[in-house]
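The block underneath contains the structure these notes are about, expressed in C-alpha cells.
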Amino acid sequence: MNDKNALNVMGVLYEKGEEVLTKNPEKAFEYYTQAARLGSKEAKFNLGSLLLNNPETEHLIKKEGEQAVAYIIDAAKKGHETAIDILRK
C-alpha cells in the first residue's frame, strides 16, 4: 500500500485498538513508519509521539529513540501544529 493517509489511519487504529483491531503498538509503529517514509507529517508526529509517550513501545526506544524527536521536528517543519506547539515549550 502506498497511500500515506491510509497507512497513518491504520497506525492510529492499531495504536488505540479501535473498531475491530486489537491494540498493537508494534503494528502501529510499522504503519506509521511506512506513512512517514511516504512523507506524511501526521504519521511523523504520531510515530514520534508513540515512541516517546507509550510505555508499550519502550523496547523500540532503544533502537529508535533518537529518531523519535527527529520525527516530531520534521512534522513541525512540514507545518504540523501540535508538533510546532510541543517544540515551542
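Since the model is a prediction, treat every value here as computed from it, not as a measurement.
Phe45 and Ile84 are members of different hydrophobic clusters when ILVMFWY side chains are connected at heavy-atom separations under 4.5 Å.
For Thr33, the side chain to side chain donor-acceptor pair (under 3.5 Å) test picks out no residue, with sequence neighbours left out.
To the nearest 0.5 Å, atom CG of residue Leu87 and atom NZ of residue Lys77 are 10.0 Å apart. Distance CG/Leu47 to OH/Tyr71: 5.0 Å, rounded to 0.5 Å.
Other residues, nucleotides and ligands place no more than 12 heavy atoms under 6.0 Å from the CG atom of Asn2.
The two residues Leu7 and Tyr31 make their nearest non-hydrogen contact at O-CB, 3.3 Å. Closest non-hydrogen pair, Ala83 versus Ala76, comes out as CB-N, 3.7 Å. Nearest heavy atoms, Ala35 versus Lys4: CB-O, 3.3 Å.
Applying the side-chain hydrogen bond (donor to acceptor under 3.5 Å, both in side chains) definition to pairs two or more places apart or across chains, those involving residues 5-17 are Asn8-Asn46, Glu15-Tyr32. Screening residues 20-48 for salt bridge (Lys or Arg N to Asp or Glu O under 4.0 Å), with sequence neighbours left out, gives Lys23-Glu56, Lys44-Asp74.
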